[in-house]
Each structure stands twice: as structure tokens, then as C-alpha cells.
Participant: 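Please read through the structure below; I'll follow up with questions.
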2 protein chains.
Amino acid sequence: MTVPANLKQVARAAGVSPATVSRVLNAAPNVARETRLRVERAIEGLQYQPSRVARRLRTQDRPGQMIGLLVPDIQNPFYVEVVRGVEDRAYAHGCGVMMCNFAQTEEKEHFFLDILRHERVDGLILAPARPDDRKVMEVVRSGIPVVCVDRGLKDADVDMVVVDNMEGARAAVEHLIGLGHRRIAHVAGLPQIPSTSERLDGYYAAFEAAGLTPDAALVRHGNSKHESGRDLTAELLDLPEPPTALFTGNNLITLGALETIHRRGLRIPQDVALVGFDDMYWAISLNPPLTAVSQPGYEIGRRAADLLFQRVAEPDRPPAKVVLKTTLIVRQSCGANSR
Amino acid sequence: MTVPANLKQVARAAGVSPATVSRVLNAAPNVARETRLRVERAIEGLQYQPSRVARRLRTQDRPGQMIGLLVPDIQNPFYVEVVRGVEDRAYAHGCGVMMCNFAQTEEKEHFFLDILRHERVDGLILAPARPDDRKVMEVVRSGIPVVCVDRGLKDADVDMVVVDNMEGARAAVEHLIGLGHRRIAHVAGLPQIPSTSERLDGYYAAFEAAGLTPDAALVRHGNSKHESGRDLTAELLDLPEPPTALFTGNNLITLGALETIHRRGLRIPQDVALVGFDDMYWAISLNPPLTAVSQPGYEIGRRAADLLFQRVAEPDRPPAKVVLKTTLIVRQSCGANSR
DNA sequence: ATGAAAGCGCTAACAG
DNA sequence: CTGTTAGCGCTTTCAT
């Protein structure tokens, strides 16, 4: 149980004042070469490393080399991609990332938000549990730099990086309609999440563009997780007049839907076609290879981190909204309607 | 840009000294009911929340409600399960989790380890990049509570939660041998990771138990990621005398192997059989449903967090080693060898 | 039961 | 260029 050396000990060892050590640590220009060398040798000798805690406590302006990342659901591979994008940029800046997963639970989101705020992180990247989240808006108003990813925040001028969900969903459903499907169900996510309603809008837009009338009974909302895909798909397939195609609202829902379809021994696309929002690199290895709307997750994370570092450096720059495009990847889970 | 209230302001508002506010905050027994109420009202009124940074700086003994979690690869669903187990327990303790992903890179591991250490977290849960990792051993020796998951640490008396990798691998390969396979390849992970060599041992043990001689050319090591599964499987299938079955060393490798097999239009299990280490809840939705060795990831995380909180409370308890069992889940990716 | 005062490890004025 | 001094926000003796 060795107690780590502190700055004062380094100062003593180098025969200088604590202030000078601090200057060396922060690469201040006004230190004599000779002195700097002596201090550096003392740092080496004592294996000294500054306490990040003390530094964050004292420093107000200069960033503390730590950002917070609040993820809605770490089980969702899409967010994992976002995380990787953020991490890579942060690492390139020598900046730590405090990542917390709130598992689509507002209560947990608030818990971690409090922690992150009181840890005095330099900035926050998050996907709000809901667009009118009082707590998140409070945090934004408190002045800490925030970048929203995947979902925006109502009435808040904040940086955000999102995708064009409506276009992505429309493309997916138009693809199904083009293949002759008419009874197309949509297994949607949590209703309060903006991306859910945007994707629903895209679903309706595709019907409208084709001059078709959607059946409201074919749209179901769940909790955006695996089990909702599994259970809602079962409900839909149990309908007297079941859908011939499914459009699933995210990654996890897609996987849940696949589980139900396979457990029932149904064939895709002959018995039911499937197109999912969110691609996964192993979608080709699913049965059958999945047709999906691909979001640039890594890019979203990268851009969000860039925006955050920019804002930390220049707090008064006007908020930016980056909208990235989705791509429909056609594989083999749709096919022509054979009924 | 509102500056949050501090303890001094609360003291002033309540007409007491800072020390008393601190006592209320820490639920000290010796505060008059009347005083406590006044302080609590002031806290409410000012929306005061203590600074975790200042608290961690000052406090030595009492835990600071923050643990660190260092994950080898957040893209691997197995570690995601571990993360969830840790998080759930931490949340139940009102404790924050600082999670960092080092992406199987020793350099990143050291970077985050430094950060976590200098953040003065109460304890650390990690899967060391290598069993003889100097830096990790240094951290352990420095006295901060550490629990290793998935992989141990050489020559260090430290709590750990692992699975019986050798038995898991042996069961998988025996299953293949039982189905008539003889040319069974093993796409292994990073050689320096203990689980890699333990699984390799299991692979050899199965051959030995069956009185068979393994072909060294059929064992390949990669970086434990998706691309290594993809590329090494391609190499193996290009052999003059290719394997009839594949045993993949983890989740990501399995997915990579599937990609190669599907791209080549080969059938599983007729052309090549496949059993993977690590199950995924959507393994049933793969083509074909995957036979896999299942590890209790969530349970590993849960137990590790329990061990850590125990150790924080009782630093001198002797180190515990928890070994959990794996389960072979037989689905349809093996089948009888038809060649 | 409460307050005064010292100090955790560091940074930032201000002198010199 | 370098040292002295005063805190950041909190906890913790030691008095009272």
C-alpha cells in the first residue's frame, strides 16, 4: 500500500517551489531549461503522476481531460459503434472517457447524469432518454458543453449529430412495397424517442407515396429492446390476417423478431419478409442475410467528439446540427411476396 | 452558465458551520434533529449537490462511490454481458462506474489504467491485456482493490472471476469428434491471453482423450477480433486438405468465420461444421443456429462487483477465486460429417 | 452538539 | 524566471 508521491515532494526533491513543478507539468513557457530538467528528473525518480482529482478541483477554465458519455443501451451494437467513434477521438486528444450505460431507463440516466456533472467532466455526449428531459435540459443550461447523438433535445440550442431517420425508414418500406408487399407491419421502439417517431413517419410516408393506406393495427410500440421485438412479432404473426412483411425499428428489435420467426419455423422471405433499421457487420451471417438500413455509427461518434472538443475550445460558437445519411443494404431477407 | 452552490453557501443559508453541513451530508449521528432539518431545507432550496471531486480529494478511507471497469473489447457481446452485471450491482450500491474500453491494446489499457488510478476510484474490475502485465501488477501492489475477470494475473494474489475454459473447449471439440470429425481446426485468439491457451489446452485434451493426433497446421492465432476470424478461416479453407470442422475461440471470431463461409457459399454443417466459444442470445437466428459454448457473462460481472465491494469493505480478506462453468448449447451448426 | 481551523494536491495571482 | 500566498470544495481533528 504505497502512497503515491505528490507535487510537493517533487518540488523538494528538485529543490524548487511547487509552483515551478506545476509550470513544468503544464508546459508553461517561462521555465529555464536547466530547472525543467531538474524537475523532470525528480518526476522520473519519484515516479510522480499528478492527481487528476486535485487538478479538476482547482482548474476552472482549462479542460480536465475527461469527457462523459451517456449511452442508452450498451447491448445495442449501434451504440457500441458510436462509443468506438467517441473513444478513438478522445484517445487521440489524450482525453479520458467516462462511459455510462443507462439501459433506456430514465432513472438511471438521471443518476449517471448527476454523477458526471458532479465529477466536473469537461463535456458530455449523450442520447437523451426523452426529448423533453428536464434534467438534461437543466444540465445544458448549467453551461457544461453537451453534444446530443442519435436523438435531439427539444427547445435546447445544443450541438447534435443525428441521421435522417425518416428517409431511412421510407427507403426500407418503399423497398418492401416495390416487391409487392402490402401488409407491412412496423415493430417500433419506445414512443418517446424522436428516432422512433421519425422512423414511423418514414413508414407512413412510403405508404402515402405509393397511394396505399396503412393498417394501424400493424404498428406496435415496445421498449426498443430484444424482448419487445420477440414478443410484438409474435403478436403480429398471430393476427387473423398476419403481415407479409416486417419493418423493425432497430437492431435489437430485429434480432428479437428473427428469434420468433425462427422458433416458429417460418421461412424468410417466403412466409414473412424482413427489413431492419440498423445494419450489423455480421448481418450477412444471419439466416437469411439481412436487408437493413445502415447508420454510420462510428462516424456519428467521431463527429460528436469533434464537436465537443470544438465547443470546449470555443464555448460561444453557434450550435451545429449534423445530419448524416443512411444506406439501404439489400441482402436476402425481403424477396417478392409469394402469397 | 450558473455556478452550482457549494457547501459554504449552504452553511451560510442554514446559519450553521460548514462542518455541520458536512455532518448532515455524511449522516453523522451527532447532529440535533432541529439543525439537521434546517440544513436539509437549505440544501433543497439551493439545489445543492456535493462535489464528488472535492470529496474524493479529501477523503482517504470512506469509499468515493466510484469504481473503474476496464474492458478488453466492448464490441464483444460477452464483455457487454459482464458490463451489465457489474453495472447492475454498482447501481444497487449507488455507486458510479467509470467504464473504459481498451480494445485489446496494451497501450490503451495503460492509458486508461493511469487515468482510473489517478481518479482515485475505490476499486477496479479489469481483464488484463496479458497475465504478466507490469502496469496492472504495479496497480495491484499500490493497494487499490482489484478484481480480475475472464483472465487472471500471474504472481498476484488478487480476486478473480473466471470460467473453466479448458472444460468448455474440450466439450466443444469432443462434440465434433463424436460426430465423426477428425480434421478439426481451431481459430484461436491472442496467444498472450490466458483464456486463449486454456481453450487450446481443451482442444488438445479432447484429441488426446479420443486417441487422435491433432494437426498443428490446423491451429491459427489471431487478434481475437472479427477480422481474424474472417481471415484465418479463409486461410484454413484454402488448405490443400481443408478442415471439416471449425472450433472458433470467441464470439467475434465466430462471426468472422461465418462471414467467410457464407461469402464462399459453403453450407454449414455439410461443407464445414462450426462450434464457437461464447453464446449470443441471437445465436438461434444465425444461419444455421449456432452450436456454442455458453459463458455466464452477466453472472461473472455480478460476482466481480460483489467481490470488489466486499474487498473495499474488508481489505484484508484473503483473495477469492471464483470459477464458473460453461455450457455447451447444441443447435445445428455441427451435424454429422458427410465427407 | 457545534464551530474553528487545518489541509487533501494542485493551480494561479502577484511579487520579486 | 522563480517563489510566496491564497484558495478550489470538502472532511476531519480538536476545542468548546
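Numbers restart at 1 for each chain; the letters A, B, ... are given by sequence-line order, proteins then strands. Since the model is a prediction, treat every value here as computed from it, not as a measurement.
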Participant: Are B/L126 and B/V146 packed together at the side-chain level, in the sense that at least one heavy-atom pair is separated by less than 4.5 angstrom?
Facilitator: yes
Participant: Are side-chain heavy atoms of A/V71 and A/V83 found at a separation under 4.5 Å?
Facilitator: yes
Participant: For C/dT2, take OP1 and OP2 only and decide whether either is under 4.0 Å from a side-chain N or O of B/N30.
Facilitator: no
Participant: Please list residues of residues 31-40 of chain B whose heavy atoms come under 4.0 Å from any atom in DNA chain C, ordered by number; otherwise none.
Facilitator: B/V31, B/A32, B/T35
Participant: Indicate, yes or no, whether a donor-acceptor pair under 3.5 Å links the base of D/dG9 to the side chain of B/R58.
Facilitator: no
Participant: Which nucleotide in the list D/dT2, D/dC10, D/dT4 gets nearest to the side chain of A/A19?
Facilitator: D/dT4
Participant: What nucleotide, of D/dT13, C/dA12, D/dT11, holds the atom closest to the side chain of A/T59?
Facilitator: C/dA12
Participant: Return the value, rounded to whole Å, for the distance between atom CD of B/Q49 and atom P of D/dC10.
Facilitator: 11 Å
Participant: Tell whether B/R52 reaches the base of D/dG9 with its side chain through a donor-acceptor pair below 3.5 angstrom.
Facilitator: no
Participant: Fit a plane to each ring of A/F111 and B/Y91, take the angle between them on a 0 to 90° scale, and name the class: parallel (under 30°), tilted (30 to 60°) or perpendicular (over 60°).
Facilitator: perpendicular
Participant: Applying salt bridge (charged side-chain N to carboxylate O under 4.0 Å, His left out), name anything that partners B/R311, two or more places apart in sequence or on another chain.
Facilitator: B/D159
Participant: Given D/dG3, C/dG9, D/dT12, which nucleotide is nearest the side-chain atoms of B/S22?
Facilitator: D/dT12
Participant: So, do B/R55 and B/L25 sit near enough that their side-chain heavy atoms are less than 4.5 Å apart?
Facilitator: yes
Participant: Separation of B/K8 atom NZ from C/dA4 atom P, in whole Å?
Facilitator: 12 Å
Participant: Does the side chain of A/Q75 pick up a donor-acceptor pair with the side chain of B/E81 at under 3.5 Å?
Facilitator: yes
Participant: Rounding to an integer number of Å, can you tell me how far B/L57 CG sits from D/dG7 C1'?
Facilitator: 12 Å
Participant: Are the side chains of A/V149 and A/Y79 in contact, using a 4.5 Å heavy-atom criterion?
Facilitator: no
Participant: Heavy atoms from C-beta onward define the side chain here; which of C/dC10, D/dT13, D/dT11 lies closest to that of A/R55?
Facilitator: C/dC10
Participant: Over all strands shown, is B/N6 touching base, sugar-phosphate only, or nothing at heavy-atom distances under 4.0 angstrom?
Facilitator: sugar-phosphate
Participant: Side-chain donor-acceptor pairs under 3.5 Å in residues 5-24 of chain A, sequence neighbours left out?
Facilitator:
unit_1	atom_1	unit_2	atom_2	d
A/N6	OD1	A/K8	N	3.3
A/N6	OD1	A/Q9	N	3.0
A/S17	OG	A/A19	N	3.4
A/S17	OG	A/T20	N	3.4
A/S17	OG	A/T20	OG1	3.4
A/S22	OG	A/N26	ND2	3.4

Participant: Give the rounded distance in Å between these two atoms: CG of A/L7 and P of C/dA12.
Facilitator: 12 Å
Participant: Using atom CD of B/E119 as one end and atom P of C/dG9 as the other, report the distance to the nearest whole Å.
Facilitator: 15 Å
Participant: Atom CZ of A/R56 and atom C1' of D/dG7: how far apart are they, to the nearest Å?
Facilitator: 19 Å
Participant: Return the nearest nucleotide to the side chain of B/S17; candidates are C/dC10, C/dA4, D/dC10.
Facilitator: C/dA4
Participant: Which donor-acceptor pairs under 3.5 Å do side chains of residues 43-50 of chain B form with protein atoms, sequence neighbours excluded?
Facilitator:
none

Participant: Please determine, for the side chain of A/P50, which listed nucleotide (C/dT11, C/dC10, C/dG3) has the closest atom?
Facilitator: C/dC10
Participant: Determine: side-chain N/O of A/T20 to OP1/OP2 of D/dT2, distance under 4.0 Å, yes or no.
Facilitator: no
Participant: Using only side-chain N and O atoms of B/S51, determine if any of them is under 4.0 Å from OP1 or OP2 of D/dG9.
Facilitator: no
Participant: B/L46 CG to D/dC10 C1': how many Å, rounded?
Facilitator: 16 Å
Participant: Do A/R23 and D/dG3 share a donor-acceptor pair, side chain to base, under 3.5 Å?
Facilitator: yes
Participant: Using the C1' atoms of the five pairs at each end, what is the angle between the end axes of the helix from C/dA1-D/dT16 to C/dG16-D/dC1, to 10°?
Facilitator: 40°
Participant: Restricting to pairs with a member in residues 296-305 of chain A, which pass salt bridge (charged side-chain N to carboxylate O under 4.0 Å, His left out), not counting sequence neighbours?
Facilitator: A/E299-A/R302, A/E299-A/R303, A/R302-A/D306
Participant: Whole angstroms only, please: what is the CZ-P distance between A/R120 and D/dC8?
Facilitator: 12 Å
Participant: Give A/V16 one of three labels, base, sugar-phosphate or nothing, depending on what nucleic acid heavy atoms sit under 4.0 Å from its own.
Facilitator: sugar-phosphate
Participant: Is it true that B/E119 and B/R56 have a side-chain N and a carboxylate O under 4.0 angstrom from each other?
Facilitator: yes
